[in-house]
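Heads up: the structure comes next, in C-alpha cells.
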Amino acid sequence: MEQPKPAEKVVCRGLWKVFGPQPNRTIDLLKEGQTKAEVLAETGHVVAVRDVSFSVMEGETFVVMGLSGSGKSTLLRCLPRLIDPTRGQVLIDGQDIAHLDAKALREVRRHKMSMVFQHFGLFPHRKLIDNVAYGLEVQGVGKKERHARAREVLELVNLGGWENHYPGQLSGGMQQRVGLARALAVDPEILLFDEPFSALDPLIRREMQDELISLQNQMHKTLIFITHDFAEAIKLGDRIAIMKGGSLVQVGTPEEVVMNPADEYVREFTQDAPRGKVLTARAIMQPAAPGFTGQGEPAPVTTPLEQLLALVIDREEAVPVVDEQGELVGVIHRRDVLAALQSNGQR
Amino acid sequence: MSNMNPAAEPSTSRETSPGGGKARRTLYILIAAAILFIVIAIAARNAIGPFPEAWNIHLDDAIDEAQSWVIGNRNTHPVFRYFFDPISDFIDSLLRGVEGALIAAPWPAVILAIFFIAFKLSGRKVAYLATVGLLLMGVFDLWDESMQTIALMAVSVVIALAFGIPIGILSARSDRLQAILRPFLDAMQTLPAFVYLIPVVLLFGIARVPSVVATVIYALPPAIRLTDMGIRQVPADITEAADAYGSTEWQKLIKVQLPLAMPAILVGVNQTIMMALGIVVIAALIGAPGLGLVVYEALRRQHVGQALQAGIAIVLIAIVFDRISVGFSRESEASLRNLKPLTGEEMAVRRRNNVIYWVGAAVTLGLVWVAHRTLVDMSDFPAMLQFSIAKPVDASVRWMRDNLYQIGDLPIGTGPFSDFITIWLLNPLRGLLTDWLPWPVVIAGFALLAYLTSGWKLALFTAASLFFLGLMGLWEMSMDTLSQVLVAVFISVLIGIPLGVLAARSDRFEALLRPVLDFLQTIPTFVYLVPVIMLFNVGRVPGIMASVLYAIPPVIRLTNLGIRRVETEIIEAAEAFGSTPRQMLFKVQLPLAMPSIMMGVNQTMMMVLAMVVIAGLVGGGALGLEAVTGLAKSQVGRGMQAGLAIVILAIILDRITQGWAKQQRVG
Ligand SMILES: Nc1ncnc2c1ncn2[C@@H]1O[C@H](COP(=O)(O)OP(=O)(O)O)[C@@H](O)[C@H]1O
Ligand SMILES: [Mg+2]
C-alpha cells in the first residue's frame, strides 16, 4: 500500500522583508533592477529577506543555512509573525497567517509552533520549572498541571531535579536544554530553532545535536532549524536551504547540495563537508553496461561512500548497485569512489 | 640642514589634533570678539543707556489680572468647580488623613513602624539610624512639623508614582509617546524646583494643596524615565520569547517586563522621593506646613539655632528615606542577580518567617496602641525628654561672627573673604553686565557665544529671550543674578576640578570624598542656608557659598570619573614615552576627560541656578528675592515674572554649556 503523501506543513511564497520606512517602494526599486547595496546607500533600507519561497513537509527537518547577516533570523521570525513580512505569504497548514487577528495569531503561537533562541531567551527571574511552564501558563493551564508537564519535559532533556534553579546558575548547554524543554512543553507541531547551538562549545554542541536527533526520532515533529554551520546543517537536515544576501540560492538534500553546489558560494561550504558520510552510492554510480550481470555482493543505493570504500578497496571488478526492490540500477568502480572522495566538489 | 617642508608642518599638526586646532581657533575668535565688544562698548556706552523703561510690556500686571479673575471666579466657574476643586479636595483630604494619622498616632508607634519597615527593606543599620533620627525630631520639639513634612512628601510621592509608573510603561511601549515626552521631561529637569510653585499658586491658591501639586509635577520625571528605561532594557530576545509563546501584551508586561524592570523602577522611586523632599521643604515659601516653614521663619527672624535644629531634622529625614529606598532598590537588584534555588519547603519556611515578622510587628504596634489608650497618653513627645540646642547655637554663632569675621588684625576671616569675593569678582562682573556694557552688546555677546557653541538657532533664541528679559523690566536684576551665578560656578569649578583630579589620583582620597559628596547631594537645597548664614550672616556672598556647597558635587565627580575612564593603554603609552605625572595630567588625562568635565560644569551650573531663589532668601537680592517676595506677598505676577527670568537664564546657560560640551566630544 502507498504511504499517504506527507502534507505541506509550512509554506513560504515570495516572502520579502525590507527594514525601513518605505519598504514597498524599495521592493519596486529592486524589481526595476537596482542592487541591494544601491538601495541601502540611497534610501537606507535594508533588504533582509528577498523573494524567498520554500515548503516544509510534515515531520521533516528543514535547515536554513547561511552566513551571518544573510537574513536567516529574519526569515524564521516571519513564520510566527514576530516580524511582519513586507510581502509574500506564509501558510501554516494551508492557513495564511497574514490574515490572522491578534487573538488568532496568539493561538497559533501557543499551540502550533514554538521557538528556541540563539541566546536562549530564558526568563532570568523565573525558576526553570516556571520557564518551561511559561507557554502553558499564558494559555491559562492550572499550576499543578503545568508543573507536572514541565517536570516531565525537564526529565526528557536530562534536567530532572533542577526545577528550582534559576537560569543564571546554569551552563550554556544546560540553559539551551531549558530552552528546548520550554519549546517542547506546549507540545507544538512545529519547532523553530534560531541557531540554538551556535553559542555553545563544540563538544557540547555535538552532544546537543545528537540529543536533538534522538528526540526527533521519537517525536516526528516538523523542525525548521537555522544554522551558519554547514556540518550541522548536513548532520541534522533532511533538506537544506542555503541563503545568501536574503535570497535562497539552493534547496535540496545534503547529498544534492554536496554533489551539485548551485554556485561558488555554496561550493565554498561544501569543501569541508564530510563527503564519506553525506554521499551515497546513488550519487556516484555509473549506468551499468548492457548485459552486465555483476559479481559478488551488491550494494544498496543508500550505502554511504565510506562503506563503499571498504567494498572496493581490494576488488578490481565493478560493484553492482541495487535499489530497495533489489533491482540493478548501476555500478560503481573503485575509481568512482576515489574520485568522489577526492574531488572537492569539482567534477 | 632641514628636510622639513615648511608647509607640511601646520597641516600635519592640524591632522593629528583636529580638536586642539578647532578649540584654539574658537579661542582666538572669542578673544577677538571680546576686544571688539569692549571697543564698541566704550563708544556706545553713553549713546545707548539703560534698557528703555518705555518698552516694558507689564507682563506682571497681565498675570495679576489673570489671578484676580481666578480669585473672582474660583467659586463659580465650571473649570474650577468641576476640575480643579475636586482635585484639590481629593488631595486635601488624603493629606489631612495621612498627616492626622501620623500626628495622632502615639509617637513610639510611628518610630516602631518605620523601624520595622527599614529593618526589613534595608537592614539593621538603617533601622537604627531611622530610630535615632526620629527620636531626635521629638527631642528638638519638631515632632509634629516632621510628621507634616513626611506626610506631604509621602502623599506627593504616592501620587507621583501613581501617574509616573503607568506613563513610563506607556512610554516604553511607544516610541512616539517617548519622543513626545522627552522634551518635556528634559525641560522639567532643567527647571529649578521653586518654578513649579508659582503657577500652581495661580490655580490652587497657597498652602498644602498647591505644594502637593507642584511636588507631584516636579518629582514625576524620574519615575517616568526610569520605568521607561527599565522596561526598554529588558533584552529583546527575552521579550521576543514571551511573544513567541503567545503571551498577551498584559501577560508579557506583568510576567516578564515589570519584574525585570523592577530594580530600575525602584531607583526611580528613590529619585522621586528625594526630589519630592527637596521641593516639599521649599514649599514653605507658599505656606506649606512642616520643617521647611520652621527653617524659613527662623531664618527670617535670625533665629539661627532654631533653623539649625529644623535643618538637622530635614537632613535626617532625607538620609533615612534615601537609605530606605536605596536599600529597597539594591535588594531588588541583588535578588534578581543572585536568585537562589529554593525547594518548595524552603520557600514555605521563608514565607512563614515573613508572615511571622509582619504579624509580630503589627502586634507590637497594637500593644503600643492599647498602652496609649489605657495606660499613658503618648500622642505628644514627652516634654521631659526635650532639649533645644537653639540657645547654645545662637551663642556660638554670635561668637563666630564676632571672632571669625576678622581673626585678630590679620586680613583673614569671613569678613575679608566676603569682601574679597564681592570686590574682586561680584562687583566687577555685575558692573560689566549692568553699567559698563550697554545692553545690546551683552545680548550680542551671549548670542555670539551661543552661535559659536551650538549654531544660529540657539543664537537667535538667546538674543530673543535676553531681549525679553528687558521687556519684562528685569534687565538689571537678571544681570545681577547672572553675575552671582557665574561667580558661584567659577568658584565651584576652581575648587571642584582640582578636588576631582586629586580624587582620580588617589583611591584613598576618593574613598574619603565619596560619602561627603553623597551627603551633600542628599541635603535639600534649603538647608544649605543654615551653615552659611552662621558663618557669613546675610548678603550675596553667603548665597554664593550655599550655592557652591550645593552645586559642587557633580563637577568633582565627573572630573574624577573622566580621568579614571581614560583607557589604561593610553596612560601606559604616555608613561612609556617618559611623561612626568604633570605632563600626563595636562597633556593626556585632562584633555581626554574634557567632555566629562564639561558635563560636570553643566550640571553644576544648573544646580547653582536652582539655588538662585534660595540665595535670594539670605540677601542674594535680584531675581531670587523678587521671586520670593512675589510669592510671599501673593503678587503672583511679580513672582512669575522673576521665575520666568530665572528659567530663561537657566535654559540659555544650559544649552550653551551643553553645546560646548558636545563640541569637546566631537572635536
Ligand atoms: N530590526 C532591524 N532593523 C533593520 N535592519 C535589520 C533588523 N533586523 C535585522 N536587520 C538586518 O537584516 C539583515 C539580516 O539580519 P538577520 O536576519 O539577523 O541575519 P542572520 O540571522 O542571517 O545573521 C542584516 O543586514 C541585519 O542588519
Ligand atoms: Mg541570526
Side-chain angles (χ1 to χ4, degrees), chain A residues 73 76-77 79-83 102-140 147 161-170 178-179 182-183 185-186 188 191-192 194-195 199, chain B residues 169 172-176 179 227 230-267 328-351:
Chain A
S73 297
L76 190 73
R77 278 163 176 69
L79 304 182
R81 264 176 63 196
L82 288 172
I83 293 177
K103 190 150 173 268
L105 181 63
R106 259 200 315 273
E107 286 307 305
V108 169
R109 290 175 181 175
R110 285 178 178 181
H111 299 288
K112 274 262 160 74
M113 45 170 69
S114 50
M115 186 154 170
V116 181
F117 296 84
Q118 177 168 9
H119 301 289
F120 321 133
L122 299 179
F123 306 120
H125 60 298
R126 298 181 140 234
K127 296 174 173 190
L128 295 200
I129 191 156
D130 287 318
N131 261 287
V132 174
Y134 186 84
L136 297 167
E137 185 178 330
V138 296
Q139 291 173 21
H147 274 191
W162 290 80
E163 293 84 357
N164 292 316
H165 283 71
Y166 288 86
Q169 299 162 328
L170 271 56
V178 180
R182 180 173 64 178
V186 295
L191 282 158
L192 307 176
D194 187 7
E195 302 203 26
Chain B
I169 291 171
R173 299 171 58 85
S174 152
D175 290 341
R176 269 274 276 303
T227 304
I231 291 178
R232 283 175 187 266
Q233 269 180 355
V234 174
D237 59 337
I238 291 179
T239 49
E240 199 172 41
D243 284 333
Y245 284 90
S247 320
T248 59
E249 289 300 313
W250 180 252
Q251 286 172 326
K252 180 166 70 170
L253 182 69
I254 297 296
K255 291 175 193 286
V256 179
Q257 291 174 312
L258 280 185
L260 291 174
M262 203 37 90
I265 295 178
L266 290 174
V267 170
F328 196 22
S329 68
R330 292 228 178 100
E331 172 79 21
S332 128
E333 211 208 317
S335 72
L336 263 189
R337 223 176 319 110
N338 344 307
L339 294 162
K340 290 203 190 63
L342 293 179
T343 63
E345 290 139 53
E346 287 166 323
M347 290 283 283
V349 169
R350 190 183 263 203
R351 215 169 296 141

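So you know, we letter chains A, B, ... as the sequences are listed, proteins then strands, and number each from 1.
Between the side chain of Arg109(A) and the backbone N or O of Tyr245(B) there is no donor-acceptor pair closer than 3.5 Å.
Interface summary for chain B: among Glu163(A), Arg77(A), Arg106(A), the most heavy-atom pairs under 4.5 angstrom belong to Arg106(A). Here His125(A) is the residue among His165(A), His125(A), Met113(A), Met115(A) with the most heavy-atom pairs under 4.5 Å with chain B. Note: Glu137(A) leads Gln139(A), Lys103(A), Arg126(A), Glu137(A) in heavy-atom pairs under 4.5 Å with chain B. With respect to chain B, the highest number of heavy-atom pairs below 4.5 Å among His119(A), Gln118(A), Glu107(A), Gln169(A) belongs to Gln169(A).
Here the shortest heavy-atom pairing between Leu82(A) and Glu240(B) reads CD1-CG, 3.8 Å. Of all heavy-atom pairs between Phe123(A) and Val256(B), the closest is CE2-CG2, 3.7 Å. Here the shortest heavy-atom pairing between Ile238(B) and Pro124(A) reads CD1-CD, 3.6 Å. In terms of heavy-atom proximity, Gly121(A) sits nearest to Ala241(B) at O-CB, 3.4 Å.
Interface remark: Met347(B) contributes side-chain atoms only to the contact with chain A (heavy atom separation under 4.5 Å). Neither the backbone nor the side chain of Ala236(B) comes within less than 4.5 Å of any heavy atom in chain A. Heavy atoms of Ala183(A) lying under 4.5 Å from chain B belong to its backbone as well as its side chain. Residue contact with chain B, scored on non-hydrogen atoms closer than 4.5 Å, involves the backbone of Leu122(A) exclusively. For a residue to count as touching a neighbouring chain, one of its non-hydrogen atoms must lie under 4.5 Å from one of that chain's; by this rule Thr239(B) does not touch chain A. Pro80(A) does not touch chain B: none of its heavy atoms, backbone or side chain, sits under 4.5 Å away.
Within 6.0 Å of the CZ atom in Arg81(A), the count of heavy atoms belonging to other residues, nucleotides or ligands exceeds 12.
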